[in-house]
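Below you'll find the structure, written out as structure tokens, and then a few comments.
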Amino acid sequence: MERAAVVAGLGGWVPPTVVSNDQLAEVLDTSDEWIRRRTGIRERRWVSPGQSTGDLAVEAGRRALASAGLEGVDAVVLATSSPDRHCPATAPEVATRLGLGPVPAFDVAAVCTGFVYALATGAGLVALGAAETVLVVGADAFSTLLAPDDRSTRVIFGDGGGAVVLRAGSSTEPGALTGLNLGSDGSLSDLIEVPAGGSRQRSTGVPAKTEDTYFTMQGQTVYAQAVRRMAESVQETVERTGWNLAEIDSFVLHQANARILAAVARRLGRPPERFLSNIETRGNTVAASIPLALADGVASGELRPGHKVVLAGFGGGLTWGSMALVWPRLAAHRTVSPEPAAAATEVGMP
Ligand code: COA
């Protein structure tokens with residue numbers, strides 16, 4: 001029996017502002033029919049003016065702590081690629097706003113794989129004995145990075161936050177994380193990028209062109225890479241865990257596109273209904289995508305204690321990664337993202 005990081009709490013939160021496909025079709029050359037057919041997305045939530053990734057992280061983190069029955073943790077790891085500011089990291093402010101005291105707190109940037117990377121980092125802190133409990137948050141307000149006239153990105157992304165609490169436990173108990181597989185390929189870093197604003201552009205001394213300050217993506221190549229890398233990573237993790245694909249109850253993959261989930265299911269030879277999906281109402285929420293899918297899966301009853309679960313992410317970098325666990329029994333009362341009216345009263349609470 002080895003020491004392991006065990007999932008002990010879960011929370012998710014999305015901002016109150018709903019943006020429907022029809023609303024986007026009023027300002028972009030697109031349609032509800034195209035977006036649904038090509039992505040599976042019907043609506044998404046976007047932050048309102050002044051609201052930030054840190055706000056989403058605080059709301060998600062608060063719910064995960066409540067679900068774990070904890071008021072404090074030993075460390076905070078925040079996965080985000082849309083931090084509140086370029087410098088410093090957003091995690092220390094999130095930790096302070098959650099009343100967690102002077103704990104170590106830092107950001108991890110791996111775009112849509114960010115949550116899996118952060119989970120691995122949190123699990124590593126626990127395994128080393130450096131922490132007994134860790135809050136791992138994935139949060140992104142990607143709507144703030146999108147060009148107003150770019151129909152290929154604007155229809156895809158939603159904003160949100162999701163979080164889990166890890167505690168030290170044993171490798172044999174439900175919730176223990178296992179089978180880690182992580183990877184990257186920097187030769188394809190241009191496929192998903194915000195070209196301007198970093199040291200490479202700023203050191204030129206030439207002011208950035210406005211269009212270079214927005215997120216860009218080469219959709220078709222990214223699509224093919226996402227299917228291949230997530231399928232391979234899942235297989236690796238299942239093998240390392242000593243399971244086989246047929247016994248996995250729930251595949252919880254990064255929610256990039258409903259067609260990507262279906263293609264991974266085909267490639268792995270598993271039924272599509274084993275792949276949890278909340279993309280219809282959430283869109284692609286980047287680092288929040290996997291924990292939000294977990295929270296929505298628990299709320300809908302599709303994800304149940306005892307399920308064998310594989311988590312898998314893919315994103316810019318390129319990066320990818322997977323982990324496995326048996327889903328534990330958690331206090332689920334705080335995992336449901338509130339409906340718009342309820343959320344509106346909670347936004348921005350310290
Ligand atoms: N509405 C209508 N038409 C659109 C559109 C929109 N919102 N976005 C793109 N199109 C058009 C394109 O301009 C293109 O037109 P053309 O043939 O006249 O040039 C056509 O639709 C097909 O474009 P294409 O890029 O081939 O579409 P697609 O089927 O690949 O779907 C994505 C585009 C972005 C939905 C898809 O590539 C995708 O999901 N990629 C992966 C995204 C992802 O996972 N990102 C995050 C990774 S972590």
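Read the numbers this way: they start at 1 and go in the same order the structure lists the ligands and their atoms. Because only heavy atoms are used, hydrogens play no part in the values below, and waters and symmetry mates are left out as well, while side chains stay in.
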Once rounded to the nearest 0.5 Å, what's the spacing between atom CG of Leu276 and atom CG of Leu311? 10.0 Å
Tell me the contacting part of Ile260 for ligand 1: side chain, backbone, both, or neither, using a 4.0 Å heavy-atom threshold, strictly below. side chain
The atoms of ligand 1 lying under 4.0 Å from a heavy atom of Phe314, numbered in the order shown, are 48 (S)
Approximate separation, where rounding is to 0.5 Å, of Asp29 CG and Leu24 CG: 12.5 Å
Regarding Arg3 and Glu132, does a basic nitrogen lie under 4.0 Å from an acidic carboxylate oxygen? yes
Can you confirm whether some protein heavy atom lies under 4.0 Å from atom 45 (N) of ligand 1, or whether none does? yes
Distance under 4.0 Å to a non-hydrogen atom of Thr39: what atoms of ligand 1 satisfy this? 35 (C)
Could you pull out, from Ile156, Ile41, Leu28, the option with a heavy atom nearest to atom 34 (C) of ligand 1? Ile156
Going by the 4.0 angstrom heavy-atom rule, the piece of Cys112 near ligand 1 is side chain
Scan the protein's non-hydrogen atoms and note whether one is under 4.0 Å from atom 17 (O) of ligand 1. no
Against heavy atoms of Gly315, which atoms of ligand 1 measure under 4.0 Å? 48 (S)
Within the side chain of Arg229, is there an N or O that forms a donor-acceptor pair under 3.5 Å with the backbone of Thr319? no
Could you check which of Gly219, Gly316, Ala226, Ala224 puts a non-hydrogen atom nearest to atom 40 (N) of ligand 1? Gly219
With a cut-off of 4.0 Å, which atoms of ligand 1 are near a heavy atom of Thr30? 1 (N), 2 (C), 6 (C), 7 (N)
From His307, Arg304, Glu302, residue fulfilling side chain to side chain donor-acceptor pair (under 3.5 Å) relative to Ser250: His307
For a side-chain hydrogen bond (donor to acceptor under 3.5 Å, both in side chains) check, start with the C-alpha distance between Ser82 and Asp140, then their side-chain angles and the critical distance, and finish with the verdict. CA-CA 6 Å; Ser82 53; Asp140 270 302; 2.5 Å; yes
Is at least one protein non-hydrogen atom found at under 4.0 angstrom from atom 2 (C) of ligand 1? yes
Answer with yes or no whether the side chains of Thr80 and Asp107 bring together a donor and an acceptor at under 3.5 Å. no
Are Val310 and Phe314 connected in a single hydrophobic cluster, I mean Ile/Leu/Val/Met/Phe/Trp/Tyr linked by side-chain heavy atoms less than 4.5 Å apart? yes
Which ligand 1 atoms does Asn257 reach within 4.0 Å, using its non-hydrogen atoms? 35 (C), 38 (C), 39 (O)
Applying side-chain contact (heavy atoms from CB on, under 4.5 Å) between Val73 and each of Leu166, Val136, Leu98, Leu65, report the one that passes. Leu65
Any side-chain donor-acceptor pair under 3.5 Å between Ser277 and Gln255? yes
Ligand 1 N/O within reach of Tyr223 N/O, cut-off under 3.5 Å: no
Show the atoms of ligand 1 that are less than 4.0 angstrom away from any heavy atom in His254. 48 (S)
Residue-level breakdown please: for Arg154 versus ligand 1, do any non-hydrogen atoms fall below 4.0 Å on the side chain, on the backbone, on both, or on neither? neither
If you measure every N/O of Gln220 against every N/O of ligand 1, is any gap under 3.5 Å? yes
Between the main-chain N or O of Leu10 and the side-chain N or O of Ser67, is there a donor-acceptor pair closer than 3.5 Å? yes
Does Glu273 have more than 12 heavy atoms from other residues, nucleotides or ligands lying within 6.0 Å of its CD? yes
From atom 8 (N) of ligand 1, is the closest protein heavy-atom distance below 4.0 Å? yes
Does some non-hydrogen atom of the protein lie less than 4.0 angstrom from atom 37 (O) of ligand 1? yes
Would a 4.0 Å cut-off, counted as strictly less than, catch a protein heavy atom around atom 14 (C) of ligand 1? no
Below 3.5 angstrom, do we get any N/O pair linking Arg38 and ligand 1? yes
Option with minimal heavy-atom separation from atom 47 (C) of ligand 1, where the choices are Val286, Asp32, Val222, Leu191: Val222
Let me check something: do Leu303 and Leu245 share a hydrophobic cluster, defined by ILVMFWY side-chain heavy atoms less than 4.5 Å apart, either directly or through other members? no
Taking atom CD of Glu71 as the centre, report whether more than 12 heavy atoms of other residues, nucleotides or ligands fall under 6.0 Å from it. no
Considering non-hydrogen atoms of the protein only, which is the closest contact for atom 10 (N) of ligand 1, and what is the distance? Trp34 CZ2, 3.4 Å
Do Met230 and Val116 sit in one hydrophobic cluster, given that two such residues count as connected whenever their side-chain heavy atoms are within less than 4.5 Å of each other, even indirectly? no
Ligand-residue contact atoms, ligand 1 with Met217, heavy atoms, under 4.0 Å: 42 (C), 43 (C), 45 (N), 46 (C)
Enumerate the atoms of ligand 1 whose separation from the nearest heavy atom of Asn284 is less than 4.0 angstrom. 46 (C)
Atom 12 (C) of ligand 1: the protein heavy-atom neighbour that sits closest, reported with distance to 0.1 Å: Arg151 NH2, 3.7 Å
